[in-house]
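Throughout, protein chains are lettered first and strands after them, A, B, ... in sequence-line order, and every chain is numbered starting at 1. Because the structure is predicted, anything quoted here is derived from the model rather than measured.
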Amino acid sequence: MPRPITLATWNINSVRIRTGLIERLVAERDPDVICLQETKCPDANFPEGVFRKLGYPHIALNGQKGYHGVAVISRIPIASVDRRPFCGKGDARHIGVVLDAPGGPIDLHNLYVPAGGDEPDPAVNDKFAHKLDFLEELSGWIGRAPAGMPSVVVGDLNIAPLEDDVWSHKQLLGVVSHTPRETAALEAIRTGGRWIDLMRSFVPCPEKLYTWWSYRAADWAAADKGRRLDHVWISEDLRTRAAGMEVLRAARGWDRPSDHVPVLARFER
DNA sequence: ATGTCGTACTCCGTACGA
């Protein structure tokens, strides 16, 4: 059986200061495609050369200075690139590519949903209003079933939709990322588009599953107060090819870590 | 669980976003 295709998604929280951590991910797991969020880097300053030397010649960028920014770094050829603006703000929060993959093209979308600030009330918090607007726009686009091509949506969606996606459902019901308004909106988008929650297809509830642990915890591993903010959704036509999923929890303990860890998804060719 | 990060400018400290 040929080696599976491995996709990784990781909110790297600055690609420039954590290039070495991505090299470690490559050394340990050798993903074919790496989707990054929060690169915090204009395209002209992206460390493309490092990734080319690592064996990733196909690179698609949508970055901006200081904040946000997404990237796709690939061993598999990229046939086309699409950068979608959201909410008319000019933020770099989406990049879509068509991978010229063995077994046929795959439509891959890499997203960074707004965090939404602290107060879960759009009337007093513009950031939360922006998050809800973003979800509404996402619903009108990706909330339709994809047609004609196997499709994958990955990224930091900044929402932990299920009760077992957070360390305490009751204690986080009023905390941005797990409020009923956000979780209902995200699940409606996912089910409306007939997207499969790949991570939960391999690790069903009630098992806890997290991808993010706050920097502010004194001991993130001991407290283990995590949330599943990062996601991999696949279209129905990829279901039988989905071969595995891994949350690289150990990466949260690497030197100068991101507060998010990589999520890996494997597909048969 | 108001705590710790990274970035950019206000530029060796402060403001902002997360």
Side-chain angles (χ1 to χ4, degrees), chain A residues 9-24 35-47 50 61-71 85-94 110-122 124-135 154-161 165-179 181-183 186 208 210-231 249 251-263:
Chain A
T9 179
W10 195 4
N11 179 321
I12 194 64
N13 188 18
S14 171
V15 67
R16 285 175 291 181
I17 68 162
R18 288 192 237 282
T19 305
L21 297 191
I22 302 171
E23 292 184 70
R24 183 166 175 182
C35 295
L36 300 174
Q37 305 87 36
E38 280 207 270
T39 54
K40 297 188 174 181
C41 180
D43 293 349
N45 297 341
F46 194 93
V50 175
L61 305 175
N62 185 14
Q64 68 183 87
K65 187 165 75 173
Y67 308 108
H68 322 315
V70 288
F86 275 89
C87 304
K89 293 177 84 79
D91 287 349
R93 295 182 177 276
H94 165 265
N110 178 11
L111 283 166
Y112 176 53
V113 173
D118 290 330
E119 182 61 47
D121 179 352
V124 300
N125 175 7
D126 290 344
K127 294 176 194 169
F128 194 71
H130 177 217
K131 187 176 196 175
L132 296 178
D133 289 346
F134 190 100
L135 292 171
V154 304
D156 176 5
L157 305 186
N158 265 316
I159 296 171
D165 293 337
V166 292
W167 63 276
S168 169
H169 171 60
K170 286 184 180 175
Q171 286 181 251
L172 289 175
L173 273 170
V175 175
V176 171
S177 74
H178 194 62
T179 64
R181 195 159 179 184
E182 295 166 83
T183 59
L186 192 69
K208 295 288 191 182
Y210 312 141
T211 64
W212 173 90
W213 293 262
S214 173
Y215 282 128
R216 296 171 185 172
D219 184 340
W220 72 273
D224 200 22
K225 292 181 174 177
R227 304 178 202 172
R228 185 170 71 113
L229 302 180
D230 302 275
H231 298 269
R249 179 185 167 107
R252 185 62 179 79
W254 292 352
D255 188 46
R256 292 192 79 190
S258 170
D259 46 355
H260 296 251
V261 298
V263 178

Pair A/Asp224 + A/Arg252, salt bridge at N-O below 4.0 Å
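A salt bridge is absent here (no side-chain N lies under 4.0 Å from a carboxylate O).
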Between [X] and [N], does any side-chain N or O lie under 4.0 Å from OP1 or OP2?
X: A/Arg93; N: B/dA18; answer: yes
X: A/Arg16; N: B/dG6; answer: no
X: A/Lys65; N: B/dC9; answer: yes
X: A/Ser14; N: B/dT7; answer: yes

From the list [options], which nucleotide is the closest neighbour of the side chain of [X]?
X: A/Arg216; options: B/dC9, B/dT7, B/dA18; answer: B/dA18
X: A/Arg18; options: B/dG6, B/dA1, B/dA18; answer: B/dG6
X: A/Lys225; options: B/dA18, B/dA1, B/dA8; answer: B/dA1
X: A/Trp167; options: B/dA1, B/dA18, B/dC5; answer: B/dA1
X: A/Tyr215; options: B/dG17, B/dA8, B/dT4; answer: B/dT4

Integer-rounded Å distance: [N] [atom2] and [X] [atom1]:
X: A/His68; N: B/dA8; atom1: NE2; atom2: P; result: 13 Å
X: A/Ile17; N: B/dA8; atom1: CD1; atom2: C1'; result: 14 Å
X: A/Phe128; N: B/dG17; atom1: CZ; atom2: P; result: 17 Å
X: A/Leu21; N: B/dG6; atom1: CG; atom2: P; result: 10 Å
X: A/Asp259; N: B/dT7; atom1: CG; atom2: C1'; result: 14 Å
X: A/Asp230; N: B/dA18; atom1: CG; atom2: P; result: 15 Å
X: A/Trp254; N: B/dC5; atom1: CH2; atom2: P; result: 18 Å
X: A/Gln37; N: B/dG6; atom1: CD; atom2: P; result: 17 Å

Does the pair A/His178 and A/Thr183 meet the rule for a side chain to side chain contact (heavy atoms under 4.5 Å, CB included), with working shown?
CA-CA 6 Å; A/His178 194 62; A/Thr183 59; 4.0 Å; yes
[atom1] spacing across the pair [N] / [M], given as an integer number of angstrom:
N: B/dC11; M: B/dC16; atom1: C1'; value: 15 Å
N: B/dT10; M: B/dG17; atom1: P; value: 15 Å
N: B/dA18; M: B/dG3; atom1: C1'; value: 13 Å

Most 5' of A/Pro114 and A/Ala223 on DNA chain B, judged by nearest nucleotide
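Residue closer to the 5' terminus by nearest nucleotide: A/Ala223.
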5'-most contact on DNA chain B: A/Ser214 or A/Pro42, nearest heavy atom basis?
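First, find each residue's nearest nucleotide; the 5'-ward one identifies A/Ser214.
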Using a cut-off of 4.0 Å on non-hydrogen atoms, how would the nucleic acid contact of A/Ala218 be classed: base, sugar-phosphate, or nothing?
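The residue A/Ala218 makes no contact with any strand.
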Which word best sums up how the rings of A/Trp254 and A/Trp10 line up, parallel for under 30°, tilted for 30 to 60°, or perpendicular for over 60°?
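Rings of A/Trp254 and A/Trp10: perpendicular, over 60°.
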For [Y], is there any backbone N or O sitting under 3.5 Å from a side-chain donor or acceptor partner on [X]?
X: A/Asn125; Y: A/Gly116; value: yes
X: A/Arg93; Y: A/Tyr112; value: yes
X: A/Glu182; Y: A/Ser177; value: yes

